[in-house]
Amino acid sequence: MKTPFKKVLIANRGEIAVRIIRACRQLGLGTVAVYSEADRQALHVRLADEAFCVGPPPARQSYLRGEALVEIARRSAAEAVHPGYGFLAENAAFAQMVREAGLVFVGPAPDSIALMGDKVRARRAARAAGVPVVPGTDGEVSDVAEAAAVAGAIGYPILLKAAAGGGGKGMRVVRAPEDLASAFQLASSEAHGAFGHGGLYVERRLEGVRHIEFQVIGDRYGNVVHLGERECSIQRRLQKLVEEAPSTALDDALRERMGQAAVAAARAAQYENAGTVEFLLDADRTFYFLEMNTRLQVEHPVTELVTGLDLVAMQLRVAAGEPLGLRQDDVRLRGWAIECRISAEDPANSFLPSIGTVGPLREPSGPGVRVDSALYHGLAVSLYYDPLLAKVIVWAADRPTAIRRMRQALGEFRIGGVHTTIPFHLRLLDLPEFRMGAVDTAFLEERFAPADGEPRDAGVVALLAALLTDERRQRRQAALAATVDGPASSGWRARGWRETLRRW
Amino acid sequence: MKTPFKKVLIANRGEIAVRIIRACRQLGLGTVAVYSEADRQALHVRLADEAFCVGPPPARQSYLRGEALVEIARRSAAEAVHPGYGFLAENAAFAQMVREAGLVFVGPAPDSIALMGDKVRARRAARAAGVPVVPGTDGEVSDVAEAAAVAGAIGYPILLKAAAGGGGKGMRVVRAPEDLASAFQLASSEAHGAFGHGGLYVERRLEGVRHIEFQVIGDRYGNVVHLGERECSIQRRLQKLVEEAPSTALDDALRERMGQAAVAAARAAQYENAGTVEFLLDADRTFYFLEMNTRLQVEHPVTELVTGLDLVAMQLRVAAGEPLGLRQDDVRLRGWAIECRISAEDPANSFLPSIGTVGPLREPSGPGVRVDSALYHGLAVSLYYDPLLAKVIVWAADRPTAIRRMRQALGEFRIGGVHTTIPFHLRLLDLPEFRMGAVDTAFLEERFAPADGEPRDAGVVALLAALLTDERRQRRQAALAATVDGPASSGWRARGWRETLRRW
Amino acid sequence: MVKYAVHVAGREVEVAFDPRRPGCAWIDGVAVAADCQQVGSQPVFSLLVDGRAYELVVQDVPGEGLRIGVGGALYDVAVEDERARELARLAGRRGEAGGETPVKAPMPGLVVSVAVSPGDEVAAHQRLLILEAMKMENELRAPRAGRVRAVHVGPGEKVEQGRLLVVLD
Amino acid sequence: MVKYAVHVAGREVEVAFDPRRPGCAWIDGVAVAADCQQVGSQPVFSLLVDGRAYELVVQDVPGEGLRIGVGGALYDVAVEDERARELARLAGRRGEAGGETPVKAPMPGLVVSVAVSPGDEVAAHQRLLILEAMKMENELRAPRAGRVRAVHVGPGEKVEQGRLLVVLD
């Protein structure tokens with residue numbers, strides 16, 4: 001790769017930092033990782049060429065410190081900055097700061113980020129480009145009273161959304177007027193915490209709709225193509241849990257219409273680099289522009305698997321000024337891809353965060369299985385950051401095979417020490433609605449019953465627990481007896497058991 | 001999958017047993033693993049639905065005991081047997097025994113195995129089907145004297161090959177008459193040990209040729225297709241180390257001609273299920289039938305990655321009597337795939353076997369990277385079986401990207417405790433000849449220089465070794481001092497070092 | 001015969017071994033042939049139970065018991081031996097107190113704000129406090145109507161999972 | 001100053017630390033800033049040396065030193081401290097004996113057959129014995145011409161790597 005840069009600073013952590021390191025290295029680019037004090041041992045630190053500490057554990061004191069990141073880039077002679085997703089990825093001021101320091105920002109221009117980051121301006125721009133938008137306010141609402149007035153006009157349920165937001169943060173669904181005040185306060189406070197701006201706007205909450213998003217990518221020569229859709233309707237509290245490409249809801253004709261709308265929205269923002277245009281799609285196959293995410297998306301791998309493209313490599317190339325080298329007709333979707341997000345949350349306990357230290361680990365592999373992960377034996381899962389640990393992504397020639405492959409892969413995954421969302425995914429994959437692809441954004445919260453009945457493997461878990469407990473008791477007794485009358489034998493147990501458990 | 005069987009016994013071990021388990025599970029088939037006493041903890045035992053011991057560690061007392069395997073199938077109600085590769089995979093008597101027990105053998109008919117397993121008959125059959133063969137004897141040679149006579153007639157160098165052989169065992173290259181006697185004895189003895197039959201035949205050893213093989217698959221309705229070629233010229237002592245698909249030496253026209261010859265050879269054996277037709281290809285683009293392997297090949301994944309097919313699943317389907325459902329025109333090759341075999345051998349020490357216990361382990365992953373592996377933290381690498389530990393297989397849109405991706409993947413691989421062939425592969429990937437695809441079967445042995453100069457990371461390895469040694473010495477001294485005058489401080493070292501090393 | 005009562009996934013499983021029959025165990029009274037092997041020196045175990053293969057990873061959670069992972073799921077497991085269990089039975093049903101309802105932290109996190117004070121009457125589902133965890137603000141509401149007897153935490157406080165936050169009468 | 005001589009990959013690297021400058025080290029006399037962290041309680045270490053990141057896995061090989069893996073490669077490492085090294089230097093060059101040539105097992109394996117007896121004269125490259133390892137028969141040949149002084153193994157014997165097989169005069 002001939003580029004104006006040879007070394008890239010990765011202003012992120014976790015699996016996406018690892019993902020970006022891999023892409024850089026495959027392009028022959030040097031990599032500089034940054035880490036907070038909580039992440040000194042992290043995988044991205046170990047896999048990068050260089051690594052520098054950016055501050056204490058809280059993100060505000062480390063990964064969100066734009067100036068410190070630029071300073072590290074300068075110190076390490078990095079010439080480009082890849083922001084990943086989250087943190088500063090959609091912060092126009094940071095993009096501007098990077099540019100002003102003479103570095104390449106691997107993402108769109110600050111103006112494009114600012115336009116699409118202001119959800120209110122983004123709606124206007126999309127509408128001006130002929131893309132239909134969801135009914136709602138045309139600007140921020142100033143307080144609860146104004147929100148209540150708007151909600152009354154467009155009708156409940158409504159969605160309160162952070163004007164500066166993205167990624168499901170600072171959003172609340174409100175179904176009845178009496179819940180509005182509390183939800184407004186929470187969403188505004190969360191938005192302020194996450195984006196430094198508490199402003200909200202109000203949208204009609206469409207029901208029975210799918211969340212369908214289109215990956216787009218553009219270069220600085222005005223070429224913009226879309227890389228097909230992703231189905232992201234499996235959500236909980238507006239957070240995506242499972243994504244797939246393509247969607248069972250689209251045919252070629254609808255794909256082409258929505259894809260053209262996505263490209264039009266991107267063009268309206270004079271968009272360069274990779275981005276995602278999100279739509280809601282109703283049962284009548286009418287679609288509405290929701291927002292545009294001006295960054296790499298968590299779920300980008302499903303698009304990679306069905307297109308055969310490497311999106312991060314493409315990001316780096318277009319950031320380096322290369323032309324896209326890909327026309328819309330060159331994009332061919334092949335087979336089916338599904339991603340499951342594996343988070344440190346306990347699905348049996350309302351998805352509450354599970355902290356702890358990751359024990360023995362085996363990630364799945366084999367045909368059609370990809371794992372993008374930041375896991376390692378010894379990882380201390382903390383509350384400082386997002387609970388996403390890894391993504392399992394499978395590809396197969398067709399959707400039923402992909403679902404079976406995912407089932408197999410998740411069943412192979414071993415993560416000691418922390419609860420994860422794997423049991424949830426295993427259950428979801430078996431549901432007839434999911435198997436038929438008959439899902440919408442409310443499916444998970446309204447029609448997904450938590451597991452009932454006892455788990456299949458309770459007996460064998462109990463057996464091992466009893467064996468280990470007994471072994472320990474025997475050893476304590478033996479140690480005691482040894483002081484009195486020499487080493488004790490553990491008596492009744494088979495040689496195999498005794499020998500194999502003794503190291504425990 | 002509607003099948004006459006619901007449960008499959010996997011008569012193998014290691015990565016291929018794991019691979020077959022994955023395919024079975026994705027088809028909804030139950031899996032029965034077998035293990036020798038040395039393999040009780042092996043990954044394939046842990047991943048299968050059921051597992052049974054088949055005997056003591058030596059293969060002859062375990063994995064080669066056909067009757068014991070059939071008995072385990074009966075006991076566990078398995079209805080099919082997948083032999084993998086090696087062991088009994090090309091043993092016609094075993095295939096027959098499985099059939100006679102009323103079980104489905106996942107592989108070709110015993111007659112096809114017997115025909116192609118007898119390298120002499122196979123040559124005749126190929127020639128009869130119009131496929132050119134390498135000049136050599138038309139039957140086994142009875143002794144050294146006859147071999148010498150044949151060699152004299154066709155000219156040195158020659159190749160001594162086990163008539164019952166395969167997989168590079170019982171083969172020797174002989175370059176001069178004076179080496180013939182010793183080589184004959186070794187090859188015959190090795191052949192006897194490996195296949196129970198010491199018979200040899202003599203072939204001209206072609207020089208400057210590539211080893212190109214074609215994957216074929218057929219069903220019981222007479223459909224046979226080929227799935228393109230694999231380039232397997234990177235060999236050492238007739239063992240493949242790196243394989244790729246497609247080959248830089250083929251264009252569409254040659255691919256079609258060779259593919260047709262492969263299909264013709266398979267038809268000559270009334271071939272059902274997956275098999276591989278091996279050719280030598282010389283610089284003039286003339287090709288010669290070498291042999292047919294009547295089983296799944298170690299390197300099958302590169303074909304899977306460029307075709308998007310799951311070969312093991314296809315094997316199971318055609319064994320169940322399903323039609324292939326795939327015409328030659330449906331087979332489309334996309335992108336480039338490379339496989340590196342990771343063995344417990346020390347490339348810095350003449351590839352001698354490295355035994356030991358595998359320590360901390362991290363296998364590579366990410367976009368385009370697949371690992372088929374039997375590795376785990378705690379695996380005791382023994383001398384009982386083949387030293388193959390894992391296969392790293394990458395896919396990319398083009399060959400240069402695939403090479404870079406493989407480099408990145410291998411660089412990420414961490415295997416504590418045993419020497420592996422990874423450093424060899426890393427070195428090979430950087431060679432201009434390999435990058436240009438200008439290789440033949442003699443490349444590795446004749447034109448590949450072992451690494452010279454000091455390794456890049458010697459300094460940092462030395463630093464860690466010194467730090468750890470010093471830490472231990474400090475601890476010993478502290479323990480000693482503590483008995484005299486209370487706990488000692490470790491003095492000069494930084495808090496970070498002391499704290500983080502203390503658990504060591 | 002050695003017996004253990006194992007609490008796993010909300011139920012109790014009785015496991016027994018017979019000293020005279022090595023390799024045999026009873027799970028809820030059903031006899032099984034079991035072979036248990038530790039993998040290397042890792043806390044990973046391969047169990048063959050009547051030929052069925054299982055792989056389990058184990059972690060000690062100090063004071064809480066064992067955390068055992070199998071087939072993608074993770075179970076928190078507590079083991080009682082028979083004698084301890086008998087004592088518990090004699091002492092009456094375990095851990096059930098009278099009219100008061102403790103509200104515990106369902107996850108570790110930071111208390112952002114507390115909406116109630118001791119003595120307050122609260123309705124069911126009324127907000128008690130807000131707990132921030134993993135960058136999300138989570139509203140904790142009253143599980144039933146009642147009176148706040150005690151508030152054990154204040155804003156800005158970091159709490160562990162299971163920490164007693166509020167007690168309702 | 002603490003100094004170590006580290007033997008790695010056929011060369012010797014001198015590593016030094018200064019007790020008064022924590023986090024500093026000298027590798028062959030070149031000063032580096034080094035930060036070393038063990039990952040969890042695994043024998044895996046993250047080293048940052050002048051900002052360059054390395055991940056190393058370590059294993060003890062009893063009696064042999066350390067085996068350290070980095071970047072896909074594995075090194076067998078022996079560490080001498082300064083004093084031991086000084087002693088070795090005074091005692092002359094290490095481990096080089098006179099006119100006899102030991103032939104050791106280059107790998108563990110089974111001796112299939114032995115082609116020579118004590119007293120035999122052998123030519124260079126003449127076969128001494130056949131060792132089977134990992135299902136391949138490997139011919140061991142004489143590294144030079146000479147006379148067989150001793151044969152230490154017989155057919156059917158299992159030998160470890162490094163085991164003395166034959167001594168040539």
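Below, read A as the first sequence line, B as the second, and so on, with proteins coming before strands; counting in each chain starts at 1. For clarity, every value in this text was computed on a predicted model and none was experimentally measured.
With respect to B:L464, the side-chain contact (heavy atoms from CB on, under 4.5 Å) criterion is satisfied by exactly one of D:V77, D:L47, D:V15: D:L47. Each of D:Y4, D:Y54, D:F17 was scored for a side-chain contact (heavy atoms from CB on, under 4.5 Å) with B:L463, with one residue passing: D:F17.
Heavy-atom minimum distance, D:E160 versus B:I355: OE1-CD1, 4.4 Å. When all heavy atoms of D:Q59 and B:T357 are compared, the pair lying nearest together is NE2-O, 3.0 Å. Listed here is the closest heavy atom pair of D:V6 and B:A466: CG2-CB, 4.2 Å. Minimum heavy-atom separation, B:P423 to D:G72: CD-O, 3.6 Å. What you find for D:C36 and B:L467 is that their closest heavy atoms are CB-CD1, 3.8 Å. In plain terms, the two heavy atoms of D:V8 and B:A462 that are nearest each other are CG1-CB, 4.4 Å.
Within the 4.5 angstrom heavy-atom criterion, atoms from both the backbone and the side chain of B:S182 approach chain D. For B:Q408, no part sits under 4.5 Å from any heavy atom of chain D, backbone or side chain. For a residue to count as touching a neighbouring chain, one of its non-hydrogen atoms must lie under 4.5 Å from one of that chain's; by this rule B:H377 touches chain D with the side chain only. Looking at B:L186, both its backbone and its side chain come within 4.5 Å of chain D, counting heavy atoms on both sides. Neither the backbone nor the side chain of B:D346 comes within contact range of chain D, judged by heavy atoms closer than 4.5 Å. Only the side chain of D:I130 comes within contact range of chain B, with heavy atoms under 4.5 Å apart.
For B:E445, the CD atom is densely surrounded, since the number of other residues' heavy atoms within 6.0 Å is greater than 12. With a 6.0 Å radius and a threshold of 12 heavy atoms from other residues, nucleotides or ligands, B:R60 has its CZ atom at or below the threshold.
Remark: D:K158 NZ to B:L383 CG distance equals 7.0 Å, nearest 0.5 Å. Note that the CD atom of B:E471 and the CD atom of D:Q38 stand 10.0 Å from one another [nearest 0.5 Å]. Here the OG1 atom belonging to B:T469 is positioned 11.0 Å from the CD atom belonging to D:E80, to the nearest 0.5 angstrom.
Looking only at side-chain heavy atoms (C-beta outward), D:V44 and B:R414 stay at 4.5 Å or farther from each other. The shortest distance between side-chain heavy atoms of D:F45 and B:L468 falls below 4.5 Å. Looking only at side-chain heavy atoms (C-beta outward), D:R127 and B:Q185 come within less than 4.5 Å of each other.
The existence of a salt bridge linking B:D457 and D:R52 is excluded, since no basic side-chain nitrogen approaches an acidic carboxylate oxygen closer than 4.0 Å.
Options B:A465, B:P347, B:G359 differ in how many heavy-atom pairs under 4.5 Å they form with chain D, and the most are formed by B:A465. Across D:V112, D:V70, D:L74, the residue that shares the most heavy-atom pairs under 4.5 angstrom with chain B is D:L74. Per-residue heavy-atom pair counts under 4.5 Å with chain D were compared for B:N349, B:V418, B:I342, and the maximum is reached by B:V418.
Partners of D:E121 by side-chain hydrogen bond (donor to acceptor under 3.5 Å, both in side chains), not counting sequence neighbours: none found. For B:E339, there are no side-chain hydrogen bond (donor to acceptor under 3.5 Å, both in side chains) partners at least two apart in sequence or on another chain.
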